Amino acid sequence: MRGAVLYAPGDVRVEEREDPKIVEPTDAIIRLSATCVCGSDLWPYRGIEAVDGPAPMGHEYAGIVQEVGSQVRTIKPGQFVVGSFFASDNTCPICQAGYQSSCIHRELIGANGAQAESLRVPLADGTLVATPDLPSDDLVPSLLAASDVLGTGWFGAVAAEAGPGKTVAVVGDGAVGLLAVLAASQLGAERIIAMSRHEPRQQLAIEFGATDIVTERGDDGVAEVKERTGGLGAHSVVEAVGTQESMLQAIRSTRPGGHVGYVGVAHGVELPGTELFYSHVHLHGGPAPVRRFLPELIDLIWNRQIDPGKVFDLALPLEQAGAGYQAMDQRQAIKVLLHP
Ligand SMILES: [Zn+2]
């Protein structure tokens, strides 16, 4: 099969890779209908995260089950399925509490590389959620978005306790930040402040339910959020970048007693203890337990109540994965869908 492999920063190649096989009896093999490039793939692409030899890339996937192992009970060949970037058993105490991305048996999908024609998914019964039927083509991008960016933005909004009567601010205008806006809107937030200085992203934020756009960042961004919230700060702030600046911006934009939901993969973030102590802000986040939300998200997409697939503003054949990385790296595209 064909698959994307990162050799070194800036060097993504699509090459012949070994077809995935059933390794454990709980595995499934799926043929990908669509895959995509994640904002987090840009960390190694930019050389900010070390690349350890040629690495298969990609962890977002939706497609049709080809084959299942002998112990797979609920997932069947022919089903269209969506799964998260962590495989999980969905039965252990951590999964039962809704934290499937910390499952005691979790396995990272990234190791297998989902930017490819086929993918091995471990713990298929716990990990995969089937759609009611085969989806029409126009639903596939939104179902793919549920695999990571929608689920992650949704968790950010839930962790920030977005809801009726709340003012929610979102730091970060990548796909996750934009979908956190959509999530906050679905969760009933009264006011949603999207922080973005890029016109096309501002437009999408407004389509997804943002009521305010703030273009300032850092301390100026904090001041602007306070200005718009009677000097108090937002009740709920989603942090969807993962840098020191964005994390502090999120904490400082939150009112005392409010909540920060942080879902940007942290790189070099160090929190000032004294400031945190006096802030009275709740912090909750981490790798999103997307599996917790998948049934609900698939239902919303299936019934055409939400259209998160709008974050894909560029679609390319898998063979052009390298161009997809470049477009996202240079912020020419919000998110790139790849057709295997
Ligand atoms: Zn588990």
Side-chain angles (χ1 to χ4, degrees), residues 20-30 32 35 38 40 56 58-77 79-114 118-132 143-161 176 179-180 183 187 238 242 259 261-266 282-301:
K21 291 191 298 279
I22 300 284
V23 178
E24 300 292 335
T26 45
D27 288 349
I29 304 296
I30 65 175
L32 297 172
T35 178
C38 183
S40 67
H59 54 263
E60 293 158 277
Y61 57 98
I64 294 174
V65 178
Q66 297 292 296
E67 190 187 349
V68 297
S70 60
Q71 285 175 25
V72 175
R73 295 284 172 263
T74 57
I75 294 297
K76 310 262 185 258
Q79 283 179 325
F80 187 95
V81 291
V82 184
S84 160
F85 47 88
F86 271 118
S88 53
D89 58 21
N90 212 28
T91 54
C92 79
I94 306 297
C95 283
Q96 289 294 296
Y99 288 85
Q100 289 89 341
S101 42
S102 275
C103 173
I104 60 170
H105 295 119
R106 73 175 182 183
E107 281 184 57
L108 200 53
I109 293 293
N112 302 334
S118 305
L119 178 71
R120 177 177 83 91
V121 179
L123 303 170
D125 281 336
T127 305
L128 298 170
V129 179
T131 54
L143 291 165
L144 174 64
S147 171
D148 181 356
V149 278
L150 174 62
T152 296
W154 200 276
F155 174 59
V158 167
E161 307 229 329
V176 170
L179 290 170
L187 293 165
V238 179
H259 295 76
Y262 57 97
V263 289
V265 181
H282 302 72
L283 299 183
H284 184 35
V290 174
R291 178 64 182 82
R292 188 206 306 180
F293 307 107
L294 272 179
E296 181 186 356
L297 299 180
I298 288 173
D299 194 54
L300 287 169
I301 293 165

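For ligands, and for the atoms within them, numbers begin at 1 and follow the listed sequence. What you see is a predicted model, and the numbers here were worked out from it, not measured in a lab.
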Review point. Is it true that atom NE2 of H284 has more than 12 heavy atoms of other residues, nucleotides or ligands lying nearer than 6.0 Å?
Key: yes
Exercise for review: Nearest 10° is fine: what angle sits at the Zn ion (ligand 1) between SG from C92 and SG from C103?
Suggested key: 120°
Exercise for review: Check all N, O or S atoms of D89 and name the one closest to the Zn ion (ligand 1).
Suggested key: OD1
Revision key, fill the gap. On a heavy-atom basis, the closest approach of D27 and V72 is O-CG2, 3.4 Å
Practice item. May I ask you to check if any N/O/S atom from H105 comes under 2.8 Å of the Zn ion (ligand 1)? Key: no
Check your understanding: Can you name the nearest heavy-atom pair linking V238 to A180, along with the distance?
Key -> CG1-CB, 3.8 Å
Exercise for review: Look at the aromatic rings of F155 and Y99 and report parallel, tilted or perpendicular, splitting at 30° and 60°.
Suggested key: perpendicular
